[in-house]
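Reviewing the structure listed below.
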Protein chains: 2
Amino acid sequence: MSRSSTRPTSRDVARAAGVSQAAVSLVLGDKWRGRVSETTAGRVREAARELGYRPNLAARNLRLGHTRTVLLVVPALTTEFFAGVYTGAARVAAEHGFGVVLYPSPEGIGPARDPFASAQAALDGVIASSMAADALTAIRGDQLPLVMLDSDPAGSLGAATVNLDIADGVRQVAAHLLGLGHRRVLHLAADVPSWTFEVRARELAACLAAVPGTEVRTARAPISIEGALAATEAALTAPGPRPTAVVCDDDKLAAGAYKALRRLGLRVPDDMSVTGLDDLALATAIDPELTTVRLDAELFGERGMRALLAVLEGREPEGGDIPVELVVRGSTAPPGASA
Amino acid sequence: MSRSSTRPTSRDVARAAGVSQAAVSLVLGDKWRGRVSETTAGRVREAARELGYRPNLAARNLRLGHTRTVLLVVPALTTEFFAGVYTGAARVAAEHGFGVVLYPSPEGIGPARDPFASAQAALDGVIASSMAADALTAIRGDQLPLVMLDSDPAGSLGAATVNLDIADGVRQVAAHLLGLGHRRVLHLAADVPSWTFEVRARELAACLAAVPGTEVRTARAPISIEGALAATEAALTAPGPRPTAVVCDDDKLAAGAYKALRRLGLRVPDDMSVTGLDDLALATAIDPELTTVRLDAELFGERGMRALLAVLEGREPEGGDIPVELVVRGSTAPPGASA
DNA sequence: ACAGGGACGTTATACGTAACACTTCGGGTC
DNA sequence: GACCCGAAGTGTTACGTATAACGTCCCTGT
């Protein structure tokens, strides 16, 4: 009857219910107690349902001055890890009436320098995960409330940070390996300039240096199975005494290491122990199952979102790193178990 | 100086540049040719940069009546597949000035019945992937332009559909296995009520039925490594002649099948051939590498987004299924190769 | 009888932007 | 000299919502 091509507005609902637009807003916004009678409120709700009314979010956001939407910047979506972070963040966001927009930052999408141009949504805040420091200053330019995930607390320019206790995870790996008797270790490191990987290298070196007679060699590889395969193969065919264990910066690298070892005719864990970090589905898919460090990605996302909510409400975000847990499976054993 | 707590508006820029707000809108909106002098335009741009002006998206959206934002509904984020779909969709979206908001639909996030309540963003359209039919009608209720991914074209209530040619992938798998001489096949099916899995079952049954003397048994499992392990073990220890090949609905199920086979002391591919579907990173991480069907998730997302753009512009979306490709690796061999 | 106050609404306004309609002004045309 | 025209802007409005401020009416206590 009316111009039905366009979606109904609160005024249309008001007309249908025979009240003013303000009354509709009151009723639908649940602020009508003592201001509108029960019967009128019922009429309004009925009319709204009848017309299939949905409030125009753009108008609401403009009026309210906020959007209840935050941006989650992640380096990539090639592992379940960041999917988990997103899921966790989105869950607590939803509980608080927030939405989460995802921005996978590396090349691949749009003009990567500017997350905000590509995220059309108007934003109330930003959660940035595993960001390089230079990109951070670009983001800081916008005055949006910011929470950093998996980033150097010292270099975050005053933004709140939430971290997994990766350093402790590495300590647990090192202790496990040292306890088994390993002394020569190959560190298969992710060839990515990120604080989170620096921590792994530093902590591993420190742990091993504390025990006399240990030796750590480093190989670098891009985070892919093929990259890890090549780097591991190269490192293990190099001259010198062969390591007895490979510590990988993450599970995907470990999967590549497995393949290199198979190709070299070395058996896991008899000839070589291998550890990962992440505990992806991958870790239990490969044979033998991978000894790795379980990171609770969803909890990480949850904590990140909670921290951002705290910042938005002017509260102090909850501190403290998220504990991680070594999961010992079949890929580690005392050195020389085959002999 | 001014109330600096609030973000600068186009009016602030106008004041700074000594022009009207309308002129700012013209210049920054790139619609000033022949309406504003080059020098004035420069002054405006300068002032905008100076103040760090960012247009208020909520206001723009309200004025324009659209948001250049679409919702992508996916069943989960537990595999890279949907991450790929998102990446592809987001890429072409960005090329056209659109943003993509993600909504992983299953339990886990918010009041699952209503994607739109949880997606705070105002939306121009929806891409829904692998949706159950009943949820579809709920979505259809909102009159938003809709594109269905991986869904029954006949049951999509007139919405545009974009599909991978899964049926052809299954045909390729069947032909490959039949060509190797397999006649007794176990179908490890995903225990999920979704059209995409019905297609696999139907097509596989049809292909095998076309060859006399073939036999197909079906086991159902939730899409997880453990679930697949249990279902496969149960199916293979059941009485009757043992199958010589396991056709899995996806790679994750195949990884579970591998574990079951190891536990039963059966070797892949000598005692049992295995095939997957997806070609995730998992497929090359396990040993032997998995013969599977490669699905181009990013292309899928791209095509979905392109179709939605077409719908939004009143054009006819490009038809035709996306071709898929059998990738033969080490997990398939003639039956009885060990004997 | 009359002030006072709920109960039940309505009117008016502002949020920041884009676009339409209008004005001003200098120069070219007949 | 009257007329028009394009360049270069400006004034104003509307988008749909939420809320502050403002009216009624009627009831109730003293």
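Here is how names work: the chains are called A, B, and so on, in the same order as the sequence lines, proteins then strands, and each is numbered from 1. Note that the structure is a prediction, hence the values are computed from the model and not measured.
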With sugar-phosphate taken as primed atoms, P, OP1 and OP2 and all else as base, the protein-contact string of nucleotides 6-14 of chain C at under 4.0 Å (heavy atoms; B, S, -) is --BBSB--B
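The pair B:E50-B:R15 fails the salt-bridge criterion, with no side-chain N (NZ, NE, NH1 or NH2) lying under 4.0 Å from an Asp/Glu carboxylate O. In summary, A:E95 and A:R91 do not engage in a salt bridge, as defined by a charged side-chain N under 4.0 Å from a carboxylate O. We find that B:E46 and B:R43 are not joined by a salt bridge, their nearest charged nitrogen and carboxylate oxygen being 4.0 Å or further apart.
In this structure, A:S10 reaches the D:dT17 phosphate: one of its side-chain N or O atoms is under 4.0 Å from OP1 or OP2.
Between B:K31 and B:A59, the residue anchored nearer the 5' end of DNA chain C, judged by the nucleotide with its closest heavy atom, is B:A59.
For the pair B:F98 and B:L312, the tightest heavy-atom approach, listed with the atom from each and the gap, is CE2-CD1, 3.8 Å.
Rounded to whole Å, atom P of D:dG9 lies 19 Å from atom CZ of B:R15. Per the geometry, CZ belonging to A:R60 stands 8 Å off P belonging to D:dT17, to the nearest Å. When the C1' atom of D:dA14 is taken as reference, atom CG of A:N56 falls 13 Å away, rounded to whole Å. Separating the CG atom of B:L64 from the P atom of C:dT17 is a distance of 12 Å, rounded to the nearest angstrom. For the pair A:R11 CZ and D:dA14 P, the computed distance is 11 Å after rounding to whole Å. Here D:dG16 presents its P atom at 14 Å from NE2 of B:H66, a figure rounded to the nearest Å. Rounded to a whole Å, the CZ atom of B:R7 is 16 Å from the P atom of C:dC15.
Looking at heavy-atom distances under 4.0 Å, B:S25 makes contact with a base.
Checked against side-chain contact (heavy atoms from CB on, under 4.5 Å), A:A83 has the following partners two or more places apart in sequence or in another chain: B:L77.
Using a 3.5 Å distance cut-off with no hydrogens or angles, the side chains of A:T67 and A:N61 do not pair a donor with an acceptor.
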